[in-house]
Q: 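My questions all concern the structure below.
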Amino acid sequence: QKEVEQDPGPLSVPEGAIVSLNCTYSNSAFQYFMWYRQYSRKGPELLMYTYSSGNKEDGRFTAQVDKSSKYISLFIRDSQPSDSATYLCAMKSSGTSYGKLTFGQGTILTVHP
Amino acid sequence: DTAVSQTPKYLVTQMGNDKSIKCEQNLGHDTMYWYKQDSKKFLKIMFSYNNKELIINETVPNRFSPKSPDKAHLNLHINSLELGDSAVYFCASRGDIDTQYFGPGTRLTVL
């Protein structure tokens with residue numbers, strides 16, 4: 001069993017839709033949670049970072065963490081064609097040296113006009 | 001001004017060859033990483049160096065040898081390339097709150 005499982009998709013939605021991307025994890029030591037966005041033929045870039053249960057909002061993006069259920073989500077409101085990318089969840093435990101991240105397998109999102 | 005750069009961007013080679021990928025970061029970070037991303041987009045850490053010292057080695061075949069001549073550079077040398085080595089290789093460096101800054105990737109195809 002992988003430490004981090006991510007809904008693989010792919011996901012195709014119309015412009016303006018609300019998108020929900022999800023990851024579950026098995027390692028209770030994970031305390032820090034991130035979402036990276038990766039455009040085609042580019043490297044991943046950090047989108048959201050959170051370390052506590054609850055919601056964190058940044059513009060059209062909301063990251064949600066439920067540590068009791070070992071479940072994290074990323075919501076995108078009013079999705080745009082420019083949101084089309086692969087979204088990767090990533091996690092880190094508090095005891096990890098030098099920032100080692102464990103990634104989910106990525107969800108490919110396409111937002112069509 | 002590129003923060004993390006990699007060369008080459010594309011690498012096509014025959015099985016059995018030896019090749020190197022270079023990475024440089026101008027962010028002043030101490031920690032750098034190599035990741036492998038397979039065709040299904042799964043991103044897996046291979047190595048990490050902190051200030052020229054190897055700190056993470058994730059059960060990677062010893063055909064893969066990272067080298068860090070200084071803290072701004074982390075190169076990856078691969079001996080005796082195999083078909084299964086075909087992937088995109090990303091270099092990254094670690095910033096504040098463990099944010100990782102990724103390079104543009106090197107797409108390796110082994111024929």
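The sequence lines fix the lettering, A, B, ..., with proteins before strands; numbering per chain opens at 1.
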Q: Can you confirm whether B/F90 sits close enough to A/P44 that some side-chain heavy atom of one is under 4.5 Å from a side-chain heavy atom of the other?
A: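 Yes. Closest side-chain heavy atoms under 4.5 Å.
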Q: Quick check: do B/F102 and A/Y36 have side-chain heavy atoms less than 4.5 Å from each other?
A: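 Heavy-atom side-chain distance check passes, below 4.5 Å.
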Q: So, B/K44 and B/D38, do they make that salt bridge, N to O below 4.0 Å?
A: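 No salt bridge links B/K44 with B/D38.
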Q: Does anything in residues 52-74 of chain A reach chain B? List residues with heavy atoms under 4.5 Å apart, or say none.
A: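 Contacts with chain B: none.
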Q: Go through B/L43, B/V88, B/T99 and name the one with the most non-hydrogen pairs under 4.5 angstrom from chain A.
A: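 Ranked by contacts with chain A, first place is B/L43.
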Q: Is there a side-chain contact between B/I56 and B/N50 in this structure, where contact means two heavy atoms from C-beta onward sitting under 4.5 Å apart?
A: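 No - every pair of side-chain heavy atoms lies 4.5 Å or more apart.
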Q: Quick check on B/K41 against chain A: is it the side chain, the backbone, both or neither that has a heavy atom closer than 4.5 Å?
A: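 Contact with chain A: backbone and side chain both.
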Q: Nearest heavy-atom pair of A/L109 and A/Y87: which atoms, and what distance?
A: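 Between these two residues, the closest heavy atoms are CD2-CE1, 3.7 Å.
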Q: Using modelled atom types and a 3.5 Å cut-off, is there a donor and acceptor pairing between side-chain atoms of A/S79 and backbone atoms of A/A17?
A: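 Present.
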Q: Please determine, among A/E45, A/R41, A/K42, the option with the most heavy-atom pairs under 4.5 Å with chain B.
A: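 Between A/E45, A/R41, A/K42, the count favours A/R41.
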Q: So which part of B/Y10 gets closer than 4.5 Å to some heavy atom of chain A, the side chain, the backbone, both or neither?
A: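 B/Y10 touches chain A through side-chain heavy atoms alone.
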Q: Against chain B, label A/Q38 side chain, backbone, both or neither, depending on which of its atoms sit under 4.5 Å from a heavy atom there.
A: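 Contact with chain B is through the side chain of A/Q38 alone.
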Q: Which atoms of B/I45 are under 4.5 Å from chain A, going by heavy atoms: the side chain, the backbone, both sets, or neither?
A: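 The side chain, not the backbone.
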Q: According to ring pair (Phe, Tyr, Trp, His ring centres under 6.0 Å), who are the partners of B/Y101, at least two apart in sequence or on a separate chain?
A: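 Ring pair (Phe, Tyr, Trp, His ring centres under 6.0 Å) check on B/Y101 returns B/H29.
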Q: Does B/T106 reach the main-chain N or O of B/I21 with its side chain, forming a donor-acceptor pair under 3.5 Å?
A: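 The answer is no, because no donor-acceptor pair under 3.5 Å joins these two groups.
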Q: Quick check on B/T31 against chain A: is it the side chain, the backbone, both or neither that has a heavy atom closer than 4.5 Å?
A: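 Contact with chain A: side chain only.
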Q: Chain B heavy atoms under 4.5 Å from A/Y32: which part of the residue, side chain, backbone, both or neither?
A: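 Contact with chain B: none, neither part.
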Q: For B/K22 and B/N75, which heavy atoms make the closest approach, and how far apart are they?
A: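 Heavy atoms of B/K22 and B/N75 come nearest at CA-OD1, 3.3 Å.
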Q: Checking ring-ring contact (aromatic ring centres under 6.0 Å, His included) against A/F33, which of A/Y49, A/Y51, A/F103, A/Y25 comes through?
A: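 Of A/Y49, A/Y51, A/F103, A/Y25, ring-ring contact (aromatic ring centres under 6.0 Å, His included) with A/F33 is met by A/Y25 alone.
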Q: Counting only heavy atoms closer than 4.5 Å, note whether B/Q100 contacts chain A via side chain, backbone, both or neither.
A: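 Both parts, heavy atoms under 4.5 Å.
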